[in-house]
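Accompanying notes for the structure given below.
Chain letters run A, B, ... following the sequence lines, proteins first, then strands; residues in each count from 1.
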Protein chains: 2
Amino acid sequence: MPPRNHVAESVRALLAEEQVAPGDRLPPERELAARLGVSRSSLREGLRRLADLGIIESRQGSGTYLAPLDLGDLFEVRLRLEPLAARLAAQRRGEEDLARLADALAEMRGVLGDPQLFGEADVRAHAAIVEASGSLPVRVLFAAIADLLRHSRATTAGNDDLRAGAVSEVAAIVEAIRDGDGDAAEAAMRDHLAHVGASLSAA
Amino acid sequence: MPPRNHVAESVRALLAEEQVAPGDRLPPERELAARLGVSRSSLREGLRRLADLGIIESRQGSGTYLAPLDLGDLFEVRLRLEPLAARLAAQRRGEEDLARLADALAEMRGVLGDPQLFGEADVRAHAAIVEASGSLPVRVLFAAIADLLRHSRATTAGNDDLRAGAVSEVAAIVEAIRDGDGDAAEAAMRDHLAHVGASLSAA
DNA sequence: GGACCATAATGGTCTGACCAATCTGGAGCA
DNA sequence: TGCTCCAGATTGGTCAGACCATTATGGTCC
């Protein structure tokens, strides 16, 4: 259980549950803290994190507001950063990275029939690639946007054909990383993201 | 004066001043708070921000440590994200964005002889491009790495020829953005970053 | 109907305390 | 001498309550 994200994620869950729309005002800090059962100081550290991610915006005397977020913009960023992550992973991966990648890929194959579990395995595979990149900025930036990607992953995981396609695409990425072929890894990741992007546009 | 970054930047300044090396332990929170003249709660919100950026890492009972950071990795991320920012800026820029860009470019020309001022103007120009992109994720990610870029900018700004070159390169970017030509803007930004990268490698 | 102001609401900060995990150094023993 | 083990100190994590600064609200007065 990651302690750092705990409050931030609880707040995100609460917002989703109450259907707070972008631009809406959040409940006051004092009330949020009480509802989540934490002190206001701890809540504020969580809110600070969300504010740094651009998810919320606080205005003294007025309130805290949910910022608008364009999933298309988010995907464009992914489209630029994940191929880099794949390239670096191919150049720097260690034995432990390869093992993690193999595990994640095997799990994707194993839970192909379950959209929910498949989505989680997919997340782990992408996380393993980012981790293998060995780049601190890449890891940090992905951590920042990771929890914003839940929607798009849900879209992908919900379609049977997409899941099957994703497995072979991810397999190609993993293979290129294992071979240490940066160009191929980057290309394979672009290919994968192109398919994901197409399905997102259709949805 | 941006209140949000205040503590985080003060801490960064202090670390630079005391030559805290990556992996070193920072002074205890209570001492840092006293030295910066803020309460421990405010200090912690600042530290939380640095921790989210991957700059520091806290271990309960042990201390807070400065994480290692590879400037080369950072530049690779920049190399991927800034061209995207330039492209989006060309597609979405408003009149206000164009005015800011023109101002920043004019200022770069005006302070060409002063490395310090030039560096600041350069930062403003890049910030204006990011702002004009209109993409929340892009803005957020750049805010996250902005203060990590000081070193590389110092390198660029310290060389007379590089400054002159940077002006014409940035001018080309601004022109492409004004024309609404995303392809040209992205290419011009790549060109600019290639020059910056070459100077970094040399240094 | 509109301008103005007292009041409430809300985020920003501070102080001081206690808890939990970790580190450190000395006591005791083999 | 060298090792183990444990108690205390150190340090980050959290909490509670208070006050300040800014903004929103609603009523009053013209």
Side-chain angles (χ1 to χ4, degrees), chain A residues 1-15 18 20-69 136 140 143 147, chain B residues 1-15 18 20-69 136 140 143 147:
Chain A
M1 190 66 51
R4 170 165 310 156
N5 311 334
H6 190 237
V7 169
E9 291 192 356
S10 299
V11 172
R12 288 184 60 82
L14 190 67
L15 297 187
E18 305 218 343
V20 178
D24 283 2
R25 201 177 75 174
L26 275 62
E29 292 185 349
R30 291 161 178 83
E31 182 184 332
L32 270 182
R35 273 210 252 176
L36 297 179
V38 298
S39 70
R40 202 179 146 211
S41 6
S42 294
L43 175 85
R44 275 181 62 80
E45 288 200 15
L47 291 183
R48 153 79 61 149
R49 174 155 199 262
L50 294 177
D52 284 339
L53 296 183
I55 297 173
I56 62 173
E57 186 180 340
S58 294
R59 293 201 283 272
Q60 184 176 179
S62 174
T64 304
Y65 300 81
L66 186 58
L69 180 64
L136 182 59
V140 167
D147 56 1
Chain B
M1 189 67 49
R4 170 166 310 161
N5 310 336
H6 191 237
V7 170
E9 290 193 356
S10 300
V11 172
R12 288 185 60 80
L14 190 67
L15 298 185
E18 305 217 344
V20 179
D24 283 2
R25 200 176 76 173
L26 275 62
E29 292 185 349
R30 292 162 176 82
E31 182 185 332
L32 270 182
R35 273 210 253 174
L36 297 180
V38 299
S39 70
R40 204 179 144 214
S41 14
S42 294
L43 175 85
R44 274 182 62 79
E45 288 200 15
L47 291 184
R48 152 78 61 150
R49 175 156 197 262
L50 295 178
D52 284 339
L53 297 183
I55 297 173
I56 62 174
E57 186 180 340
S58 294
R59 292 201 284 271
Q60 183 176 178
S62 173
T64 304
Y65 300 82
L66 186 58
L69 181 64
L136 181 59
V140 167
D147 54 1

Any side-chain N or O of [X] below 4.0 angstrom from OP1/OP2 of [N]?
| X | N | result |
| --- | --- | --- |
| A:Arg25 | C:dT10 | yes |
| B:Thr64 | D:dG12 | yes |
| B:Arg44 | D:dG13 | yes |
| A:Ser62 | D:dT23 | no |

Rounded interatomic separation in angstrom, taking [atom1] from [X] and [atom2] from [N]:
| X | N | atom1 | atom2 | value |
| --- | --- | --- | --- | --- |
| B:Leu36 | C:dT13 | CG | P | 14 Å |
| A:Leu26 | C:dA9 | CG | P | 19 Å |
| B:Arg40 | D:dG13 | CZ | P | 8 Å |
| A:Glu57 | C:dT10 | CD | C1' | 15 Å |
| A:Tyr65 | C:dA9 | OH | C1' | 11 Å |
| B:Arg48 | C:dG12 | CZ | C1' | 17 Å |
| A:Glu29 | D:dT22 | CD | P | 16 Å |
| A:Leu47 | C:dT10 | CG | P | 14 Å |

From [atom1] ([X]) to [atom2] ([Y]), nearest 0.5 Å:
| X | Y | atom1 | atom2 | answer |
| --- | --- | --- | --- | --- |
| B:Ile56 | B:Tyr65 | CD1 | OH | 12.5 Å |
| A:Ile55 | A:Leu15 | CD1 | CG | 9.0 Å |
| A:Leu26 | A:Leu47 | CG | CG | 7.5 Å |

A:Glu31/A:Arg35 salt bridge by N-O under 4.0 Å criterion: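 Between A:Glu31 and A:Arg35 there is a salt bridge, with a charged N closer than 4.0 Å to a carboxylate O.
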Reading DNA chain D from 5' onward, which residue's closest nucleotide shows up sooner: A:Leu43 or A:Gly61?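 Whichever sits nearer the 5' end wins; that is A:Leu43.
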Side chain of [X] only, heavy atoms from C-beta on: which candidate in [options] is closest?
| X | options | result |
| --- | --- | --- |
| B:Gln60 | D:dT14, D:dC15, C:dA20 | C:dA20 |
| B:Ser58 | D:dG13, C:dC14, D:dC15 | D:dG13 |
| B:Ser41 | C:dT15, D:dG12, C:dG12 | C:dT15 |

Quick one: does B:Arg44's side chain have a donor or acceptor within less than 3.5 Å of a partner on A:Glu45's backbone?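 No, because the side chain of B:Arg44 does not come within donor-acceptor range (under 3.5 Å) of the backbone of A:Glu45.
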Side chain of B:Arg30, base of D:dG12: donor and acceptor closer than 3.5 Å?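 Check passes, donor-acceptor contact within cut-off.
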Do the side chain of A:Arg59 and the base of C:dG12 come within less than 3.5 angstrom through a donor-acceptor pair of N or O atoms?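 No.
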Indicate, with a heavy-atom threshold strictly under 4.0 Å, whether A:Ser42 touches base, sugar-phosphate, or nothing.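 Sugar-phosphate, no base atom in range.
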